[in-house]
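Heads up, the thing below is written out as structure tokens.
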Amino acid sequence: MKSKIIITMNKLMLASSMAVTLASCSSAENKHAQETTTYAKYTKPNILFIMSDDHTRQAIGAYGGHLAPLNPTPTIDALAKQGTRFDNVFVTNSICTPSRASIITGQYSQTNGALDLDGKIGAEQQYLPTLMSAAGYETAMIGKWHLKKEPLAFDYYKVLPNQGKYFDPVFRDINGKGKWPNNKVQVKGHSSDVITDLTIDWLNNRTSDKPFFLMHHYKAPHDMFENAPRYDGYLADITIPEPDNLYDRKNFGSIASRGENDAMISELGTSVSKRNPRRNMGIHMDVDQSLSEHDYTAESYQRYLKRYLRTVKGVDDNLARLFDHLKATGQWENTVIIYTGDQGMMLGEHDFIDKRWMYEGSLRMPFIVYHPGKPDAPKVNDDIINNTDFAPFMLDLAGAETPDKMHGKSFTNVLDNEELEDWRTGSYYRYWMHRAHHDVPAHFGLRTAEHKLIFFYGVHYDIGQAQQNSKKSTKKLARKDGVVPSTVATPVAWEFYDLSADPEENNNAYNDPKYKDVIAQMKAELLEQRQVYSETDEKYPHIQAIIDKHWND
């Protein structure tokens, strides 16, 4: 009888029949059951993994920065105050599909095969939910999936097809009619509201005695930004603070990101200003083209940030609703809550929008953990973590081992105020989609606690695919959102930033003699990590030839 009581107390609410049985137990048995349940709560917690699309840490109040005074995320900030804010978390490939693939597999892109937006992760590679199930969890995936193949490793799913729509979204539903990808259902409303409703419904209707592992993923605030109508007036009368380097790019970049004598400055990187006449935020935001350069940039920025932050506000308010539900149903104190974005996002820094770049706005991910069983966990952590570590971390929370095939490692010791042993000193990054969509050259590099080294090799990894893309994009060149053919190479160059002295990355110090030894050490570490994580270019000799030629430039 006692064991039955202990097991059932982990459920959302006690069934009435068990309440009667419990009442008949002795007070000693009641006390023992309660103590055992309290212990069980924190050894096998529910795990709620929340991820928003393109929600960069610059737009989260808890991380400070020039947008923090706007108070854009009070709910997320409160979660950070109760839990641990991780300050040095980095994406390994800053684009939607590869980042999600690394989170699900615990692997870098070449190993899991998701190099770019065409990446696919089938059930046989959906390691995280598979291992969570093996650890005794009921698993669910609700919201943006973006990994092409059916999320069969989950017990339940209801996911957006590809990017999905902001309004009246269609979902692929495990309980829908037909087989994937035709098992579609449509739900009325704004996607952030709808995804929250779906998660609350799933929590209300689950009958399993198992703890849950739930991936709750918002489409917002991905472009093009469409907020729920109730936010139309949010920030309307506020002037959004601008980044210091929106207008003056200083000694930022190199010939790889600007061209010789700035010859490619109008081509590389989607801009806020008129700098990129083919694709800039002012075009998307219908800003008057006759405005002066400065006024056009200022107006474009204001419209961009307000639309972006209105979708962020929708996410934050919906999280308040979800958290209230967990508290009202007694699950808050038995649920580890993780909040993150799938990568960063450039919000006007260096006159860039979108992600893809290895620059700070794009590279850094928010990562906040609330663990009710760890009340003494540190408020802030600065270990160098990347998204290959997320799966091992969550598996460790569930009491499961990290398989050798995962590149990442668990960092749960942080929550017990313990140092991480044999931990990385730098995080490897690589962007593969040369000049796709936002004209960002292909590159890789290393981010340490104080420095960043980037190598722009500037060619597409798949020549055949690049040629095919070229044919398609030629037809689009006359359009506002046309794509420059990815067969067009860009200059090769190194960039180095001393982030301790230059956190805004305003000065490319690669040629400064005082950094010669640091750069040499970082190049050695780059070579080692590329070998360890199978990120070399043995499959791409045209890239390796460029690396060999320019490694010692």
Side-chain angles (χ1 to χ4, degrees), residues 46-51 53 91-93 95-164 171-176 179-184 195 198-199 202 206 208 210-219 336 338 340 342-343 386-410 533-534:
N46 300 316
I47 300 172
L48 173 58
F49 180 77
I50 304 167
M51 186 160 69
D53 196 310
V91 68
T92 52
N93 185 347
I95 193 72
C96 299
T97 304
S99 176
R100 293 163 191 272
S102 289
I103 291 168
I104 286 287
T105 65
Q107 298 171 335
Y108 284 84
S109 296
Q110 275 207 74
T111 299
N112 65 43
L115 304 183
D116 53 29
L117 290 176
D118 292 327
K120 302 174 179 64
I121 299 294
E124 70 284 356
Q125 286 183 278
Q126 294 165 19
Y127 305 138
L128 177 56
T130 298
L131 293 167
M132 281 291 184
S133 293
Y137 277 74
E138 181 181 17
T139 61
M141 169 68 225
I142 298 173
K144 181 174 175 179
W145 172 238
H146 215 255
L147 293 174
K148 308 295 190 296
K149 293 190 176 182
E150 186 174 10
L152 275 171
F154 292 87
D155 296 316
Y156 175 83
Y157 69 77
K158 196 162 188 173
V159 297
L160 296 168
N162 298 316
Q163 189 57 245
F171 291 85
R172 289 175 178 150
D173 187 345
I174 194 171
N175 296 321
K179 295 182 178 180
W180 179 279
N182 299 315
N183 52 341
K184 296 179 181 179
I195 289 167
L198 294 176
T199 286
W202 182 79
R206 65 188 294 265
S208 174
K210 299 176 181 179
F212 65 75
F213 170 64
L214 170 61
M215 301 186 82
H216 170 84
H217 292 185
Y218 290 108
K219 168 185 171 61
V336 176
I338 299 166
T340 188
D342 56 350
Q343 63 257 319
N386 68 44
N387 56 340
T388 67
D389 300 318
F390 293 3
F393 175 74
M394 289 185 277
L395 289 170
D396 200 3
L397 291 173
E401 296 290 330
T402 298
D404 291 340
K405 61 191 171 188
M406 288 189 176
H407 292 140
K409 296 194 295 184
S410 172
Y533 300 127
S534 301

- [ ] Would you check, one step at a time, whether the test side-chain contact (heavy atoms from CB on, under 4.5 Å) holds for Y533 with T92?
- [x] CA-CA 11 Å; Y533 300 127; T92 52; over 6 Å; no
TODO: Determine, step by step, whether V159 and W180 satisfy the side-chain contact (heavy atoms from CB on, under 4.5 Å) criterion, reporting the C-alpha distance in whole Å, the side-chain angles of both residues, the deciding distance to 0.1 Å, and the verdict.
DONE: CA-CA 11 Å; V159 297; W180 179 279; 3.9 Å; yes
- [ ] Output, in order, the C-alpha distance, side-chain angles, deciding distance and verdict of side-chain hydrogen bond (donor to acceptor under 3.5 Å, both in side chains) for T388 and H407.
- [x] CA-CA 6 Å; T388 67; H407 292 140; over 6 Å; no
Open item on the list: Does I338 form a side-chain contact (heavy atoms from CB on, under 4.5 Å) with L48? I'd like the steps, not just the answer.
Closed with: CA-CA 6 Å; I338 299 166; L48 173 58; over 6 Å; no
- [ ] Apply side-chain contact (heavy atoms from CB on, under 4.5 Å) to the pair I121 and K149, showing each step before the final yes or no.
- [x] CA-CA 6 Å; I121 299 294; K149 293 190 176 182; over 6 Å; no
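Closest approach of K219 to I195, counting heavy atoms only: N-CD1, 4.1 Å. Nearest heavy atoms, T105 versus Y127: O-CD1, 3.4 Å. The heavy-atom pair separating P129 from A153 by the smallest distance is CG-CB, 3.7 Å. Between L395 and P403 the shortest heavy-atom distance is CD1-CD, 4.3 Å. Taking every heavy atom of both residues into account, V91 and S99 meet most closely at CG2-OG, 3.7 Å. The shortest heavy-atom contact between T111 and S534 is OG1-CB, 4.0 Å.
Once rounded to the nearest 0.5 Å, the distance linking OG of S133 with CG of D155 reads 4.5 Å. Atoms CG and CG, on L147 and N112 in that order, are 9.0 Å from each other to the nearest 0.5 Å. Here CD of Q126 is found 8.5 Å from CD of E150. Values are rounded to the nearest 0.5 Å. Within the model, atoms CE of M141 and CH2 of W202 stand 12.0 Å from one another, a figure rounded to the nearest 0.5 Å. Note that the CG atom of L214 and the CD1 atom of I47 stand 11.0 Å from one another [nearest 0.5 Å]. The structure places CG of D342 at 8.5 Å from CD1 of I95, a figure rounded to the nearest 0.5 Å.
The six-membered or imidazole ring of F171 lies away from that of W145, with a centre-to-centre distance of 6.0 Å or more.
Side-chain atoms of Y157 and N183 form a donor-acceptor pair, as typed in the model, at a separation below 3.5 Å. Between the side chains of N93 and S109, a donor-acceptor pair is found at a separation under 3.5 Å. Using a 3.5 Å distance cut-off with no hydrogens or angles, the side chains of Y108 and N386 do pair a donor with an acceptor.
No donor-acceptor distance shorter than 3.5 angstrom exists from the side chain of D389 to the backbone of S410, with no hydrogens or angles considered. Judged purely by atom type and a 3.5 angstrom limit, K148 uses its side chain to pair as donor or acceptor with the backbone of L117. Looking at Q110, its side chain never comes within 3.5 Å of a backbone N or O of L115 through a donor-acceptor pair. Judged by distance alone, with hydrogens and angles left aside, the side-chain atoms of D116 form a donor-acceptor pair with the main-chain N or O of D118 at under 3.5 Å.
Every residue two or more places apart in sequence or in another chain was checked for a ring-ring contact (aromatic ring centres under 6.0 Å, His included) with H146, and none qualifies. By the salt bridge (Lys or Arg N to Asp or Glu O under 4.0 Å) test, E138 pairs with R206, sequence neighbours left out. In this view, D53 and R100, K144 satisfy the salt bridge (Lys or Arg N to Asp or Glu O under 4.0 Å) rule, not counting sequence neighbours. For D173, the salt bridge (Lys or Arg N to Asp or Glu O under 4.0 Å) partners two or more places apart in sequence, or in a different chain, are K158. Residues satisfying the ring-ring contact (aromatic ring centres under 6.0 Å, His included) test with F390, not counting sequence neighbours, are F367. F49 is linked by a ring-ring contact (aromatic ring centres under 6.0 Å, His included) to H217, counting only residues two or more places apart in sequence or in another chain.
For the pair Q343/C96, a side-chain contact is recorded, criterion being any heavy-atom separation below 4.5 Å from C-beta on. Side chains of I142 and M215 form no contact here, defined as non-hydrogen atoms less than 4.5 Å apart. Contact check for L131 versus E401: no side-chain heavy atoms found under the 4.5 Å cut-off.
More than 12 non-hydrogen atoms from other residues, nucleotides or ligands lie less than 6.0 angstrom from CD of Q163.
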